[in-house]
Q: 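Just dropping this structure here.
Lettering of chains follows the sequences in order, A, B, ..., and the numbering in each one begins at 1.
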Amino acid sequence: DEATTAYVTMLGDDALILGQRLSEWCGHAASVEVDLSLANMGLDLIGQATNWLGLAAQHDAKWADADALAFRRDVLDFRNCLMVEQPNGDFAQTMARQFLFSTWQHMLLERLAGSSDEAIAGIAAKSVKEVAYHRELARDWVVRLGDGTEESHEKMAAGIDWNWRFVPELFEVTEELEELVKRGIAVDPREFEADYRAEIEAALTEGTLAVPDDQRPILGGRRGHHSEHLGHLLAVMQYLPRTYPDAKW
Amino acid sequence: DEATTAYVTMLGDDALILGQRLSEWCGHAASVEVDLSLANMGLDLIGQATNWLGLAAQHDAKWADADALAFRRDVLDFRNCLMVEQPNGDFAQTMARQFLFSTWQHMLLERLAGSSDEAIAGIAAKSVKEVAYHRELARDWVVRLGDGTEESHEKMAAGIDWNWRFVPELFEVTEELEELVKRGIAVDPREFEADYRAEIEAALTEGTLAVPDDQRPILGGRRGHHSEHLGHLLAVMQYLPRTYPDAKW
Amino acid sequence: QELIDAFEARVAADEFIEPKDWMPEAYRKTLVRQISQHAHSEIVGMLPEGNWITRAPSLRRKAILLAKVQDEAGHGLYLYCAAETLGTSREEMIEALHSGKAKYSTIFNYPTLTWADIAAIGWLVDGAAIMNQVPLQRTSYGPYARAMVRVCKEESFHQRQGYEAMLALTNGTEEQKRMAQDALNRWWWPSLMMFGPPDDKSPNTERSMRWRIKRETNDELRQKFVDITVPQAEFAGLTVPDPDLAWNEDKNGYDFGEVDWEEFYAVVRGEGPVAKERMKARREAWESQAWVRAAADAHQAKRAAKQVA
Amino acid sequence: QELIDAFEARVAADEFIEPKDWMPEAYRKTLVRQISQHAHSEIVGMLPEGNWITRAPSLRRKAILLAKVQDEAGHGLYLYCAAETLGTSREEMIEALHSGKAKYSTIFNYPTLTWADIAAIGWLVDGAAIMNQVPLQRTSYGPYARAMVRVCKEESFHQRQGYEAMLALTNGTEEQKRMAQDALNRWWWPSLMMFGPPDDKSPNTERSMRWRIKRETNDELRQKFVDITVPQAEFAGLTVPDPDLAWNEDKNGYDFGEVDWEEFYAVVRGEGPVAKERMKARREAWESQAWVRAAADAHQAKRAAKQVA
């Protein structure tokens, strides 16, 4: 049904857009090891996106396959959250984003592995280990940079600050989502919001970082109302299929 | 004929790509006055590109109009020189590029205003005043930043250095061009190479800047063999017409 | 008190106050705040549009947008100059912007998501700006009023171009129509917020009206804007996203729904969707390029020294 | 001299030299130069491909390219480690790269202009690399030889993927075929340059052969590459851009034209088309992010201090 398709597309878009962002780092990290781990996370996420969007395309005859969904939609049809489309900024900002997102994604996928929809449960179960690693790695960097030098502390604080306003969106629940939760297909993120907040706070504290004040939540990504960043990302990402619509690669 | 069309397209592509680059600055300059002058130059160049590419489209039935040429070609068909596609870098790099290019463009257009092809002569005559202003403005900044502070001097030296390897391409003469020169349609840039070199050297000297050593010339733009920068510029610039091929705006 | 009475009499007689004239400190302060806020809005307002110059869909649209943004930079300049006549330097005003002390129009804290947003900004935002600014051509402070004359001429040109760009979309493909409607949905309410809080929550209105810094109240201007804009939306085949919108024969104007003032105040506090992006862009342009301004000054000093020598 | 004789005897007997073994200073220096150059090439080589990861035309191609680039980072790591066993730190090697003292493969100073370049790099550049590296699996220095075993396995996988990507283009639309041919035109000669100068201009070859650091000469390897690659180009329907290319029955190999060695030496001097871009990217990644490495060290020190306390 449409709601399930939309939900699966949302999961795929989160992975796709964050994977694309991470792939922008290629060759530009502070050390070969960091380059490796960024490429590795990017690769995991592109793989997950392929699975989720492939499933969405199976549900919806309008789209031939995962590639069609990835490369032939414009901004208003992308359902990813605003956080994943945020610019990389410096390495601290990238890791802040990764930590805030992967922690949420991990808590979600753990629970989604028990979805009543077997296909969803399957992809979630396959992805959850990868994401556990992303979460761990990003958490390490948050602590390391937070409690590193004065400069790295400032940068990590700024990175957290930049992404903080997009946390509430991760826990937004629409009527559509509530319906899916009732049917056992989706997970209500509010179930683990307290856990999430506690874990974030613990990591920030360990990194000697303050928990930022909450501001008015910025929402809209799930309904196609994105920041200005996504359009630029898509212009680059979709250039080849858009320019050569008949080509196979 | 084909050679004339290619020549006119080349002139249009130079203006288009540099205009596009300048428009990236919008809202990000060091002062409102600088923002104004960058937008002003960008606007001039987009206007010139519209005229040149409009003329090229008249010559070649394959292309409906200037927009088709601007938005429906991929890198291998762009004929602009490598210098104009170079990234903005900082303001010094932008002004170094502008000075090295506008000085050449101005010397060329002055002579092209006497082309035996009336359409070419007309557009050249219309553009030459605008470009004289670009040349002057960029020269002022080269001198000002060169002979400003130590920091600005270093940045301007780096900006000149970045763009210097693309100067020889401006004076490249192909057989095709020689043919057009014989027919009085085009101008042989070697006619004014000595003047150009003298003027550049004078400005650099006034700005207490060294004339960089020549290196192996980097060529190829006129044959569609560009740097890596142009593809990214086009992905952004062409996104809307590529994504909505049937739309009119 | 004598000075104040004389001042108020001049203002009441619709005379212009000029920089060298005596004026109450509160008048000066209010003007600096208002003019610099207006100048900042022009400058920050270049960013949402600049976001689409590189992606404009045709050479003509790119040129129009570049020219528009250039006009805005020009407006920013006149306005900074007008404010400087009141004894505050441009640097001070810019520092106040960057520190968050000075404000700019809340509208520029919303993202330009699709090309239709550029059309919507021209149509709605410049439309609302004109509504605010036309009366300011007769504002009591001379330099401000004269700046406004030039600004208004160009803004109304921008507004027409924006509406024309919108019609190109609503006469276009299904996808273009969808973009256009979506843009109206997102920009409608923020445009209404441009007139500021409702009159009963706008404590300075009365004095500003008396001093002819303002010549119409926020709610009056908002009503005018709605009355003019709704028929334009209808002509374009667009639906205004307000279920309460209805023609009211008695007042010869539209009734319309309540603006979400919570959102407005949050955006004023700096919590708008792209507020961080806007301030980051402005601060970086200013701070990371201080070297350009310093170099220009240093060069000028060197030349001056040479001429003396 | 006794030590040298013993060393040379071991090498001649195809024994591996290990880090703690005695070795001539020139052997050590040559190896550090060669291995670090190889490591730098892996790292710099991520840039031309990284240029297309964000624009890969399908999710599958994006994943393949990401995986490939990841492999290259991995190779870079093994190789830096192998070089470090010779007593030079990674920081020293990287500083040498950034100062221009150390070199990397000339091939990475050419731009990746279209998607077909990614296919061409996989096919030709990884193909040439394998040709160079396969013999190195039996090179005399143990850690280098062992690193090469892992590297070669992955490189040959990359080469097959690159050729497959090329076939997808040559079996595609006219525009794809054009891209493919254009890529071959631009990458062919630089690929031949990857084997280094001709033997008669390669003064160190003889000694390197004796020490089994090298096991085949530049010209031998170049010939092998041409003989293997030309039929692949033909199978793909592509034309090798060399008018002098001709099958030579007698030598059972291809005759081919003269490489433009002027160009090669210019690129070695750092005058390649995108040499500035490559070094700028590497320097900025390293220098502007020194704070990341510093923070990691500082954090580790703090933790160590806590554990002691």
Q: Between B:Gln20 (side chain) and C:Thr54 (backbone), is there a donor-acceptor pair under 3.5 Å?
A: yes
Q: Counting only non-hydrogen atoms closer than 4.5 Å, does C:Ala56 touch chain B with its backbone (N, CA, C, O), its side chain (CB onward), both, or neither?
A: backbone
Q: For B:Asp35, is it the side chain, the backbone, both, or neither that has a heavy atom closer than 4.5 Å to a heavy atom of chain C?
A: side chain
Q: Mind running salt bridge (charged side-chain N to carboxylate O under 4.0 Å, His left out) on B:Glu151 and C:Arg293 for me, showing each step along the way?
A: CA-CA 12 Å; B:Glu151 184 180 6; C:Arg293 299 186 301 275; over 6 Å; no
Q: Check C:Leu47 against B:Cys26 and note the closest heavy-atom contact, atom names and distance.
A: CD2-O, 4.4 Å
Q: For C:Arg55 and B:Gln238, indicate whether the former's side chain and the latter's backbone hold a donor-acceptor pair under 3.5 Å.
A: no
Q: Within this structure, what is the CH2-OH distance for the pair C:Trp115 and B:Tyr244, rounded to the nearest 0.5 Å?
A: 13.5 Å
Q: Say you draw a straight line from CG of B:Asp140 to NE2 of C:His299; how long is it, rounded to the nearest 0.5 Å?
A: 8.0 Å
Q: Over all heavy atoms of both residues, which pair between C:Leu59 and B:Phe71 is shortest? Give the atoms and the distance, please.
A: N-CE1, 3.6 Å
Q: If you count heavy-atom pairs under 4.5 Å between each of B:Met156, B:Lys155, B:Glu24 and chain C, which one has the most?
A: B:Lys155
Q: If every non-hydrogen atom of C:Met179 is compared with every non-hydrogen atom of B:Trp249, which pair is closest and at what distance?
A: CE-CH2, 4.2 Å
Q: Check whether any side-chain heavy atom of C:Tyr80 sits under 4.5 Å from a side-chain heavy atom of B:Val32, and report yes or no.
A: yes
Q: For each of B:Leu145, B:Thr149, B:Asp147, tally heavy-atom pairs with chain C at distances under 4.5 Å, and name the one with the top tally.
A: B:Asp147
Q: Looking only at heavy atoms, what is the nearest atom pair of C:Ala285 and B:Gly27, with distance?
A: CB-O, 4.3 Å
Q: Got a second to check how far B:Met41's CE is from C:Gln70's CD, nearest 0.5 Å?
A: 10.5 Å
Q: Quick check: closest heavy atoms across B:Ser23 and C:Ile53, and the distance to 0.1 Å?
A: CB-CG2, 3.3 Å
Q: What part of B:Ala70 is in contact with chain C, defined as an atom under 4.5 angstrom from a non-hydrogen atom: side chain, backbone, both or neither?
A: side chain
Q: Can you tell me which of C:Arg90, C:Glu287, C:Glu42, C:Glu72 forms the most heavy-atom pairs within a distance under 4.5 Å of chain B?
A: C:Arg90
Q: Hey, are the side chains of C:Arg60 and B:Thr50 touching, using non-hydrogen atoms and a 4.5 Å cut-off?
A: no
Q: Of the backbone (N, CA, C, O) and the side chain (C-beta and beyond), which part of B:Val34 lies under 4.5 Å from a heavy atom of chain C, both, or neither?
A: neither
Q: Out of B:His153, B:Arg242, B:Glu150, B:Met237, which one racks up the most heavy-atom pairs below 4.5 Å with chain C?
A: B:Met237
Q: Using distance alone, with no hydrogens and no angle criterion, decide if B:Lys248 and C:Gln176 have a side-chain donor and acceptor under 3.5 Å apart.
A: no
Q: Checking C:Met166 against chain B: side chain, backbone, both or neither under 4.5 Å from a heavy atom?
A: neither
Q: Salt bridge check, C:Lys306 against B:Glu206: does any charged N sit closer than 4.0 Å to a carboxylate O?
A: no
Q: Verify, without hydrogens or angle tests, whether C:Gln289 (side chain) and B:His28 (backbone) share a donor-acceptor contact under 3.5 angstrom.
A: yes
Q: Report which part of B:Phe91 has an atom under 4.5 Å of a heavy atom belonging to chain C: side chain, backbone, both, or neither.
A: both
Q: Rounded to the nearest 0.5 Å, what separates atom CG in B:Asp246 from atom CD in C:Glu174?
A: 12.5 Å
Q: Specify which of C:Ala298, C:Ala165, C:Ala295 makes the most heavy-atom pairs with chain B at under 4.5 Å.
A: C:Ala295
Q: Determine the option with the most heavy-atom pairs under 4.5 angstrom with chain C, choosing from B:Ala30, B:Ala92, B:Gly146, B:Ser152.
A: B:Ala30
Q: For B:Leu16, is it the side chain, the backbone, both, or neither that has a heavy atom closer than 4.5 Å to a heavy atom of chain C?
A: side chain
Q: Please determine, among C:Ala168, C:Gly50, C:Ala73, C:Ser58, the option with the most heavy-atom pairs under 4.5 Å with chain B.
A: C:Ser58
Q: So does C:Arg283 have more than 12 non-hydrogen atoms from other groups sitting under 6.0 Å from CZ?
A: yes
